[in-house]
Protein chains: 2
Amino acid sequence: MPSRVEERAKTAGRVAPLSSRTKILEVAEARFARSGFGGVGLRDVAVAAGLSKSTLFHHFSTKEALYVEVIGRVLERVAERVEPAFACGAPPAERLLRVSDALVDAFAEHPTTAPLLLRSLFEALPQLEVDAAQQEGAISVLQRLIGHFQDLVREGIAARAFREVSVPDTTQTIIGAAVFHFASGELGEQQFGDVSLFSAEAVARRRREQRSFFQRALLFDPAL
Amino acid sequence: MPSRVEERAKTAGRVAPLSSRTKILEVAEARFARSGFGGVGLRDVAVAAGLSKSTLFHHFSTKEALYVEVIGRVLERVAERVEPAFACGAPPAERLLRVSDALVDAFAEHPTTAPLLLRSLFEALPQLEVDAAQQEGAISVLQRLIGHFQDLVREGIAARAFREVSVPDTTQTIIGAAVFHFASGELGEQQFGDVSLFSAEAVARRRREQRSFFQRALLFDPAL
DNA sequence: GTCTATACTACGATAGAC
DNA sequence: GTCTATCGTAGTATAGAC
């Protein structure tokens with residue numbers, strides 16, 4: 001849900017004078033990506049956003065609510081990039097390549113996206129008892145995305161375009177391989193000789209490498 | 001470093017009456033795997049280990065020291081499983097399969113291994129200013145492992161057994177795919193219909209799937 | 001919506017008795 | 001090696017003025 005505040009900012013200002021709310025969300029996103037839920041203090045978030053702690057609590061009733069909203073935004077961003085690729089109507093073999101590229105583009109867009117998606121995939125929260133509404137909103141986006149992957153693999157197998165792989169295993173492998181690369185941070189960059197993973201050349205190369213990796217791994221006839 | 005205490009326990013008792021130290025390490029490992037560095041309180045660790053906070057501090061001077069030692073143990077366990085596969089002397093194509101299996105076995109051994117390895121790979125610590133000795137000990141194990149992967153890929157390419165892939169990209173892809181599967185926890189199990197990822201059948205299937213995935217993706221002639 | 005001030009709890013860490 | 005007691009800080013969250 002985009003919330004009235006953001007919409008107003010979009011329609012009103014030209015340089016989009018970030019509302020305090022979105023400023024908080026951006027700062028929190030960077031912090032959560034780096035240190036996880038428990039590693040972030042709201043005082044730090046507030047001052048980095050140029051506000052007081054109390055103001056933060058005016059906008060987000062609890063820390064968990066803030067976290068869930070941060071994760072929700074990230075998932076929406078990813079879905080926005082990736083779902084068109086799933087829906088492109090091309091045959092499975094080509095759709096796989098489009099999805100692979102869309103994943104790379106989604107993660108290359110913001111350095112925080114991959115770490116936060118990864119966290120939402122494997123990290124246990126101190127039982128998020130947040131308002132079930134938006135929490136399940138975020139979770140349902142995730143479920144939907146995973147469902148798209150599974151459907152694609154199933155379709156590919158049914159069409160005899162893909163080998164007869166295990167659908168859940170393959171889904172896990174694809175997601176893990178794609179998200180880890182852009183979540184690996186310093187350690188990843190060090191492997192590439194300290195060149196940013198997010199430079200134009202690095203992203204272009206990652207697209208090529210990931211396409212061919214998935215293509216060869218899944219397709220019966222990888223000569224595309 | 002195995003520490004005198006553990007060695008004594010090994011040589012002395014038959015049922016290995018866990019020293020407090022190792023008990024703390026085990027409890028902490030489970031907590032850190034689930035919630036990350038910042039999400040764990042030492043009070044909780046101590047009482048779960050049947051001890052007081054002060055006793056914990058008697059064994060580990062700081063929280064970071066405890067964390068680094070937990071990570072170090074995990075890395076050693078992984079290295080113990082995986083390095084023999086790298087050193088097996090078989091040609092690259094077959095070595096790749098052995099390494100793939102060894103990775104699955106390493107992660108299947110303890111459910112905490114993959115999450116903690118993943119964390120150590122992508123999570124930023126509040127600058128670990130721990131005694132450079134053991135910290136670099138842990139880091140050097142990681143570097144060594146990554147080096148093994150890179151060497152294997154390079155060798156495979158040189159021997160014309162592997163396609164001409166990007167060495168760092170491929171290393172990232174392999175590690176990400178392998179570790180994510182066993183780190184995905186509830187969400188992963190849900191994809192498999194709520195069957196444990198660590199059951200004998202699930203592990204056997206994962207070995208097969210991952211072998212064929214890597215094999216097809218990398219080898220010129222995947223007809224093994 | 002933003003602030004100051006505050007409540008209360010938990011945190012990491014230390015002192016010192018046993 | 002283990003404990004109780006305590007320190008100081010920072011944690012999340014609230015009350016209430018502006």
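For the pair R21(B) CZ and dG1(D) P, the interatomic distance rounds to 10 Å; values are reported in whole Å. Straight-line distance from the NE2 atom of H58(B) to the P atom of dG1(D): 5 Å, rounded to whole Å. dT2(D) atom C1' lies 11 Å from atom CD1 of I24(B), rounded to whole Å. Residue L18(A) contributes atom CG, which lies 15 Å from atom P of dG1(C) at whole-angstrom precision. Separating the NZ atom of K23(A) from the C1' atom of dT2(C) is a distance of 17 Å, rounded to the nearest angstrom.
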Point to revise | Sequence-aligned protein contact record of nucleotides 5-18 of chain C, with B where the base is within under 4.0 Å of a protein heavy atom and S where only the sugar-phosphate is | key: B-----SBBBB---

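Contact between the side-chain N/O atoms of S20(A) and the OP1/OP2 oxygens of dG1(C) is not found at any separation under 4.0 Å. Side-chain nitrogen and oxygen atoms of S52(A) include at least one within less than 4.0 Å of the OP1 or OP2 phosphate oxygen of dC3(C).
The ring pair (Phe, Tyr, Trp, His ring centres under 6.0 Å) search around H59(A) returns none, not counting sequence neighbours. In this structure F60(A) satisfies the ring pair (Phe, Tyr, Trp, His ring centres under 6.0 Å) test with no other residue, sequence neighbours excluded. In this structure R154(B) satisfies the salt bridge (charged side-chain N to carboxylate O under 4.0 Å, His left out) test together with D151(B), sequence neighbours excluded. Taking the salt bridge (charged side-chain N to carboxylate O under 4.0 Å, His left out) definition, one finds that E109(B) meets it with R81(B), sequence neighbours left out.
Pairs engaging residues 39-49 of chain B under the salt bridge (Lys or Arg N to Asp or Glu O under 4.0 Å) rule: R31(B)-D44(B) [sequence neighbours left out].
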Practice item. Would you sort out whether R77(A) and E29(A) count as a salt bridge (charged side-chain N to carboxylate O under 4.0 Å, His left out), showing the intermediate values? Key: CA-CA 13 Å; R77(A) 255 164 28 206; E29(A) 180 172 323; 3.0 Å; yes

